[in-house]
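Throughout, residue positions are numbered sequentially from 1 according to the sequence presented.
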Amino acid sequence: MPDLYLHNSLTRRKERFEPADSSNIRMYVCGPTVYDLAHLGNARPVVVYDVVARLLRRLYPKVTYVRNITDVDDKINARIRETGEPISALTARTTADFHADMAALGALPPDREPRATAHIAEMIMIVQRLIESGHAYAAEGHVLFAVKSDPDYGKLSGRSQEELLAGARVEVAPYKRDPGDFVLWKPSSDDLPGWDSPWGRGRPGWHIECSAMSWKYLGETFDIHGGGSDLIFPHHENEMAQSLCAFPGSHFAHTWMHNGMLQVNGEKMSKSLGNFFTVRDVLAKAPGEAIRLLLLRTHYRSLLDFSDQGLAEAKKELDRFYRALAAFPDVPAGDLPAAVLEALCDDINTPQALAVMHELAAQALAGDRAAAAGLRAAGLVLGLLQQSPEAWFRGGADDDTAAIEAAIADRLAARKARDFARADAIRAELAAQGILLEDGPKGTTWRRG
């Protein structure tokens with residue numbers, strides 16, 4: 001069994017993974033803020049850390065994977081002002097949408113998915129500890145973390161406090177002792193969500209939410225903290241500072257993993273450029289598995305360029321994999337090929353793992369049953385090849401199946417009646433819908449092209 005190596009953002013180098021407790025690997029990943037449909041950028045970390053969790057479960061007897069739901073946030077408040085929808089209805093609906101979209105991408109649910117609003121008591125407790133230890137102070141209904149009280153602040157992002165302040169849009173308020181101090185708790189007006197606290201009715205700041213939920217389910221020290229590279233500052237920097245100061249002597253997260261950003265057609269995704277796509281937008285034109293493969297073709301720490309051409313290429317790659325499996329339709333998953341495991345243990349090198357899968361597909365297409373079994377096993381750890389080849393080539397079009405089968409029966413009847421013009425017309429009509437017919441000794445089969 002190869003050692004697992006992961007790039008640690010905190011030390012800025014690839015390190016051998018050494019769990020705090022090898023009988024239970026603990027990982028926390030920042031989840032969505034539920035106010036709208038998930039976009040492509042939201043999908044990348046979900047798929048990346050789903051692969052990390054799948055790999056860890058191959059290597060260790062137990063994994064506790066926690067990914068939170070942020071259901072109290074100023075973006076949510078802004079949306080309910082726009083729409084008038086009750087906040088509970090908005091967050092319930094968008095959470096369900098998120099779950100459906102991520103399931104379509106083949107992502108397994110985390111072991112725990114805590115909601116921020118269910119952990120206000122834990123947040124208040126941590127804030128109180130920070131005040132008592134001199135790392136936070138109350139001012140005008142707010143509670144703020146005193147950045148200068150933590151000499152290690154800036155360690156994760158690798159910049160001094162002066163550099164961090166210069167590069168950040170910091171809200172300068174008269175109640176702050178220092179411009180860099182960040183909010184742990186803030187007051188709520190009557191029209192906003194709020195909870196009673198020692199500092200008055202209010203709501204938590206963004207950063208304290210993750211500190212409370214990771215502590216609740218993983219303890220003061222755990223193995224891996226993941227998220228997008230855009231969260232390194234301020235979110236993860238602040239989260240680490242407040243957790244370490246609230247629990248002196250703890251380590252918080254041993255390894256910090258950050259996936260790279262996603263762009264579309266070579267440009268930053270934005271609504272103003274017209275290249276902003278939700279996961280649901282892309283699911284309307286491609287299978288979820290093709291989207292997942294495209295997200296895994298680039299190493300997780302690299303910038304990923306999402307394009308229609310890349311999506312089409314991913315679909316073709318999956319066609320090839322499924323054709324290889326179709327040669328051995330009854331073959332179960334075998335042992336995970338050593339070359340795939342070695343690639344994934346080298347900082348989750350999914351491009352190399354996929355290259356090995358292409359070699360296995362070539363061998364399977366040449367008649368190697370063991371290679372087909374290895375290909376299916378590799379698919380399991382990457383969250384790919386989770387359906388039968390027949391279902392893949394039919395595009396999962398259950399609703400259309402009856403109509404397609406009826407058309408095939410009509411064609412067969414036309415051929416028996418020697419009405420070949422009619423038979424050819426039916427084939428052409430189906431082809432125009434993307435349905436390809438294949439005549440064989442056992443009859444006519446179909447698939448989506």
Report task. For Y5, enumerate each residue passing the ring pair (Phe, Tyr, Trp, His ring centres under 6.0 Å) test, keeping only those at least two apart in sequence or located in another chain. Result -> none
Requested in this report: Tell me, with the steps shown, if D71 and T117 meet side chain to side chain donor-acceptor pair (under 3.5 Å).
Outcome: CA-CA 6 Å; D71 59 350; T117 54; 2.6 Å; yes
Requested in this report: Using the test ring pair (Phe, Tyr, Trp, His ring centres under 6.0 Å), find all partners of H299 that sit at least two apart in sequence or belong to another chain.
Outcome: none
**Report entry** Close side-chain approach of P389 and R323, heavy atoms under 4.5 Å
**Finding:** no
Query raised in the report: Hey, are H258 and H7 close enough side-chain-wise for a donor-acceptor pair under 3.5 Å?
Result: no
Query raised in the report: Under the side chain to side chain contact (heavy atoms under 4.5 Å, CB included) criterion, do L412 and T444 qualify, and how do the steps go?
Result: CA-CA 9 Å; L412 178 60; T444 301; 6.0 Å; no
Query raised in the report: In Å and rounded to the nearest 0.5 Å, what is the CG to NZ distance from L56 to K62?
Result: 14.0 Å
Query raised in the report: If we only count heavy atoms from C-beta on, is the L385 to L325 side-chain gap below 4.5 Å?
Result: yes
Query - Any side-chain donor near an acceptor of the partner, H99 and E113, under 3.5 Å - result: yes
Report task. Would you give the length of the straight line joining atom CZ of F393 to atom CG of L436, rounded to the nearest 0.5 angstrom? Result -> 10.5 Å
Query raised in the report: Less than 6.0 Å separating the ring centroids of F252 and F222?
Result: yes
Report task. Identify, with sequence neighbours excluded, every residue that meets side chain to side chain contact (heavy atoms under 4.5 Å, CB included) alongside D424. Result -> none
Query - R115 atom CZ, over 12 foreign heavy atoms within 6.0 Å - result: no
**Report entry** Any side-chain heavy-atom pair of L430 and W446 under 4.5 Å
**Finding:** no
Report summary line: For M123 and A116 the tightest heavy-atom approach is CE-O, 3.1 Å
**Report entry** Side chain to side chain, V66 and V29, heavy atoms closer than 4.5 Å
**Finding:** no
Query - Worked verdict on L55 versus L341 for side chain to side chain contact (heavy atoms under 4.5 Å, CB included) - result: CA-CA 8 Å; L55 175 64; L341 182 58; 3.8 Å; yes
Requested in this report: Using the salt bridge (Lys or Arg N to Asp or Glu O under 4.0 Å) rule, collect all pairs that involve residues 332-344, keeping only residues at least two apart or in two chains.
Outcome: none
Report task. Run the numbers on H225 and E239 for side chain to side chain donor-acceptor pair (under 3.5 Å), then give the verdict. Result -> CA-CA 11 Å; H225 194 313; E239 192 185 337; 2.6 Å; yes
Query raised in the report: Is there any salt bridge (Lys or Arg N to Asp or Glu O under 4.0 Å) pair reaching into residues 245-267, and which pairs are they, with sequence neighbours excluded?
Result: none
Requested in this report: Look at the aromatic rings of F233 and Y153 and report parallel, tilted or perpendicular, splitting at 30° and 60°.
Outcome: perpendicular
Report summary line: On a heavy-atom basis, the closest approach of L382 and R292 is O-NE, 2.8 Å
Query raised in the report: Is there side-chain contact between M261 and M269, with at least one heavy-atom pair below 4.5 Å?
Result: no
Query raised in the report: Can F277 and H39 be said to form a ring-ring contact (aromatic ring centres under 6.0 Å, His included), step by step?
Result: CA-CA 6 Å; F277 299 109; H39 57 70; over 10 Å; no
Query raised in the report: What heavy-atom pair brings A333 and L380 nearest, and what distance separates the two atoms?
Result: CB-CD1, 3.6 Å
**Report entry** F98: partners by ring pair (Phe, Tyr, Trp, His ring centres under 6.0 Å), with sequence neighbours left out
**Finding:** none
Report task. Please determine, by modelled atom types, if D305 and S307 share a side-chain donor-acceptor pair under 3.5 angstrom. Result -> no
Requested in this report: Evaluate side chain to side chain contact (heavy atoms under 4.5 Å, CB included) for L354 paired with R297, printing each intermediate quantity in order.
Outcome: CA-CA 7 Å; L354 290 168; R297 290 170 76 202; 4.1 Å; yes
Query raised in the report: When you look at NZ of K285, are more than 12 heavy atoms from neighbouring residues, nucleotides or ligands closer to it than 6.0 Å?
Result: yes
Query raised in the report: Going by heavy atoms in the side chains, are C30 and H235 under 4.5 Å from each other?
Result: yes
Query raised in the report: Do E317 and Y322 pass the side chain to side chain donor-acceptor pair (under 3.5 Å) test, and can you show the C-alpha distance, the side-chain angles, and the key distance before you say yes or no?
Result: CA-CA 9 Å; E317 287 186 39; Y322 276 111; over 6 Å; no
Report summary line: Minimal heavy-atom distance between L296 and T350, with the atoms involved, is O-OG1, 2.7 Å
Query raised in the report: Is it true that a side-chain atom of R57 and a backbone atom of R54 form a donor plus acceptor pair closer than 3.5 Å?
Result: no
Report task. Could you list all the salt bridge (Lys or Arg N to Asp or Glu O under 4.0 Å) pairs where at least one residue sits in residues 355-381, not counting sequence neighbours? Result -> D330-R369
Query raised in the report: Would you say the side chains of T64 and N24 form a donor-acceptor pair under 3.5 Å?
Result: yes
Report task. Flag the pair L344 / N349 as yes when at least one side-chain heavy-atom distance between them is below 4.5 Å, and no otherwise. Result -> no
Report summary line: salt bridge (Lys or Arg N to Asp or Glu O under 4.0 Å) filter on K75, not counting sequence neighbours, yields none
Query raised in the report: Taking only residues at least two apart or on different chains, which pairs with a member in residues 19-43 satisfy salt bridge (Lys or Arg N to Asp or Glu O under 4.0 Å)?
Result: D36-R79
Requested in this report: State which residues pass salt bridge (Lys or Arg N to Asp or Glu O under 4.0 Å) with R411; sequence neighbours excluded, sorted by chain then number.
Outcome: D439
Report task. On the 0 to 90° scale, with breaks at 30° and 60°, tag the Y217-H119 ring pair as parallel, tilted or perpendicular. Result -> perpendicular
Requested in this report: Give a yes-or-no answer on whether the side chains of D281 and T278 include a donor-acceptor pair shorter than 3.5 Å.
Outcome: yes
Query raised in the report: So does R58 have more than 12 non-hydrogen atoms from other groups sitting under 6.0 Å from CZ?
Result: yes
**Report entry** Nearest-0.5 Å distance, NE2 of residue H135 to CD1 of residue I126
**Finding:** 13.5 Å
Query raised in the report: Do I25 and F17 come within less than 4.5 Å of each other through their side chains, counting heavy atoms only?
Result: yes
**Report entry** Pair N77-Y35, side-chain donor/acceptor within less than 3.5 Å
**Finding:** no
**Report entry** Verdict with supporting geometry, M213 and E122, side chain to side chain contact (heavy atoms under 4.5 Å, CB included)
**Finding:** CA-CA 8 Å; M213 289 181 280; E122 289 84 356; over 6 Å; no
Query raised in the report: Measuring from S157:OG to N238:CG, what's the distance to the nearest 0.5 Å?
Result: 9.5 Å
Query raised in the report: Mind checking what makes ring pair (Phe, Tyr, Trp, His ring centres under 6.0 Å) contact with F145, not counting sequence neighbours?
Result: F182
Query raised in the report: Between D319 and W392, is any side-chain donor less than 3.5 angstrom from a side-chain acceptor?
Result: yes
Requested in this report: Would you list the pairs meeting side chain to side chain donor-acceptor pair (under 3.5 Å) in which at least one residue belongs to residues 241-250, sequence neighbours left out?
Outcome: S211-Q242, S211-S243
Report task. Give a yes or no answer on whether the side chain of Y49 reaches the backbone of G227 with a donor-acceptor pair at less than 3.5 Å. Result -> yes
Report summary line: d(R203 CZ, I76 CD1) to nearest 0.5 Å is 11.0 Å
